[in-house]
Number of protein chains: 2
Amino acid sequence: MEQDNISQDVTSQLLFTNQVAETLDGIVEKLEPISVHVLVDANTASFVLPRLQAESEVIRNAQIIQTGGAGDMHKNLNTLSGIWQKLSDDGATRRSLLINVGGGVITDMGAFAAATFKRGIPFVNIPTTLLGAVDASVGGKTGINFNTLKNEVGLFADAEVVIISTTFFRTLSSQEMLSGYAEMLKHAMLTSREMTDRLLRYDVTTYEPDSLLKLLKESVNVKCGYVKEDPNDLGKRQSLNLGHTFGHAFEELALERRSPISHGYAVAFGMVCALVLSHMKEGFPSERLHTYADYVRHHYGVFAIRCNDYDRLLQFMAHDKKNAAADGLTFTLLKDEGKPVTGINVSADDVKAALDIYCDLLM
Amino acid sequence: MEQDNISQDVTSQLLFTNQVAETLDGIVEKLEPISVHVLVDANTASFVLPRLQAESEVIRNAQIIQTGGAGDMHKNLNTLSGIWQKLSDDGATRRSLLINVGGGVITDMGAFAAATFKRGIPFVNIPTTLLGAVDASVGGKTGINFNTLKNEVGLFADAEVVIISTTFFRTLSSQEMLSGYAEMLKHAMLTSREMTDRLLRYDVTTYEPDSLLKLLKESVNVKCGYVKEDPNDLGKRQSLNLGHTFGHAFEELALERRSPISHGYAVAFGMVCALVLSHMKEGFPSERLHTYADYVRHHYGVFAIRCNDYDRLLQFMAHDKKNAAADGLTFTLLKDEGKPVTGINVSADDVKAALDIYCDLLM
């Protein structure tokens, strides 16, 4: 049985296993909750819950809470209120357990619901997407979108346990796999050239569950390291923001164009820009920039922009709360693979120059 | 300047002062928030805010958030959502400060809003009622009512500072003063006969601000001691529940009769019952029971009940989450003043006997 444990001082216990039902039943037996409640969305209700109900006694006997839909548009106060209502109506107490089964939307929102129900009940997260497993599973960020702003309402709260498995990914599209993989590539670049090369060679679209689980564990471990050092996201943890300043701006521009792109894709494209800036400002090796850009062009394609989008992109970057600086913008960059630097001040002209090169590299 | 400090390991810094504006301006100068937002309800908007605006530069320059009404019926998701909305619209960031000015409803709800806005912004509480100052100011319990249940949604969160002053009480009725005073009497009984006697001699309806501030500080300090020892309310802190099992049942019966009574009055009456039980089960001195019952009858009157209310009261007690026991009910009782005992199992017959004696003593 492939199972292992990352102990974290500041966050939840992480279990990596492809024997989910067995693992879950063992955990719940130890936690001894008075009642068990399982949160799913439309997707996990169809594709994941039936299997879990067949294999896990805990899930079979649990009360089910199904949200109205799936996706980020449902990560709102209305859905949250429905979860609280169902917990309350089903008689959940402070000694009940909530198990969140789904992507980042479900685990973020379910965790927030649990952390605020009767001043906090324990919860377990079971991410069912690669992006959720690699990104949302660690760090305790929970919440909902509010007033059209992402994660405007939320708090830091830790799951009792997060169970990470690659067996849930079989119903995901290649695009969904690549979306999560962009964050894994980011973790690799923050760590070493060796790790990056291993990931660039691996084909995530035709993955084999156990080998991917191993890579995933290594990747999540990178994030754990940063979170442990800086749980409140005030310093070192901002390394994890690599590629995200550009990435968020791309996401918002795409939303404005009414053809949204997924978070992971935006990060993949944003990383190209961040590496260009890293080359310009911090001497990141040009050859490695080209290796990564080729990979992105080949697997992700391109998010097409034109010169007259630059000012709008700069506006989005200036509004991102993580980039606040008196003048100009601040970025996380790389001196080299494994050598991140945070809080680097960059002028608008340099950002535009980087966007020019991004276009040259990918378009 | 009468000002002092109770340092608490587990909760907020408490400042006792009748120089509120000056104190507040000093605190905010140290906290250096990017923006200041002040939460008030209809009452504090009329009776407290104008004075604070005249005296405090911080409040004068702050953005005001006024809830739709005042009172427990407004402590709901709708009001909470309005607070989040206003914070968001007014551009509050993680480095903004929310100052909650009001009774327990405002400080509980404002604290919850702050603790969950952008995963938590700092907040300061300024209780403006005696009940809020003595009861809601310490312990970090925040939240809203939901699904007709009190504080069904909430969490533990600590204010940066709580400023406690008796100068706000001048617009309160004698009834509101007595309501808060019931909790002060409870704290005294948990502490010593000497403290109880001092409070029984003091006339809270014709109080002088500085002498009341001194008593208030002593009283809040009692609560701090219990909270410090048991922040998550799992053991020793349950001493603070003295009188509340009966008290909550009286409150709910009153609500069902459609003539609600205030929390403090319910506690005053509930304490009489708890002392009767304490006498029956733990040898609490009969003479002190009579002293307290006389005081309550004289100052609070009586909450009238009849024999055919007993079963309904027992049902309410059984539903109170704090009294959970396999069979029967559990109570916090006193062996003597200053000698609380928690988790005492009591049969329904003994509860009924105590209610009989309550009727004899007060009616």
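Naming convention: chains lettered A, B, ... in sequence-line order (proteins, then strands); numbering from 1 in each chain. Owing to the predicted nature of the structure, the values given are computational and were not obtained by experimental measurement.
- Proximity to chain A (any heavy atom under 4.5 Å) is shown, for B/Ser81, by both the backbone and the side chain.
- The neighbour count for B/Glu29 CD, taken as heavy atoms of other residues, nucleotides or ligands under 6.0 Å away, does not exceed 12.
- Looking at B/Ser88, both its backbone and its side chain come within 4.5 Å of chain A, counting heavy atoms on both sides.
- Between atom CD of residue A/Gln85 and atom CG of residue B/Leu77 there is a gap of 10.0 Å, rounded to the nearest 0.5 Å.
- Taking OG1 from A/Thr142 and CZ from B/Arg119, the interatomic distance works out to 7.0 Å, rounded to the nearest 0.5 Å.
- Here the straight-line distance linking atom NZ of A/Lys118 with atom CG of B/Asn151 works out to 10.0 Å at 0.5 Å rounding.
- In this structure, the portion of B/Leu149 lying under 4.5 Å from any heavy atom of chain A is its side chain and not its backbone.
- B/Thr116 contributes atom OG1, which lies 9.5 Å from atom CZ of A/Phe146 (distance to the nearest 0.5 angstrom).
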Q: Take B/Glu152 and A/Trp84 through the test side chain to side chain contact (heavy atoms under 4.5 Å, CB included) and record every step on the way to the result.
A: CA-CA 9 Å; B/Glu152 182 79 339; A/Trp84 281 332; over 6 Å; no
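- Taking CG of A/Leu155 as the start and CG of B/Leu155 as the end, the distance is 6.0 Å to the nearest 0.5 Å.
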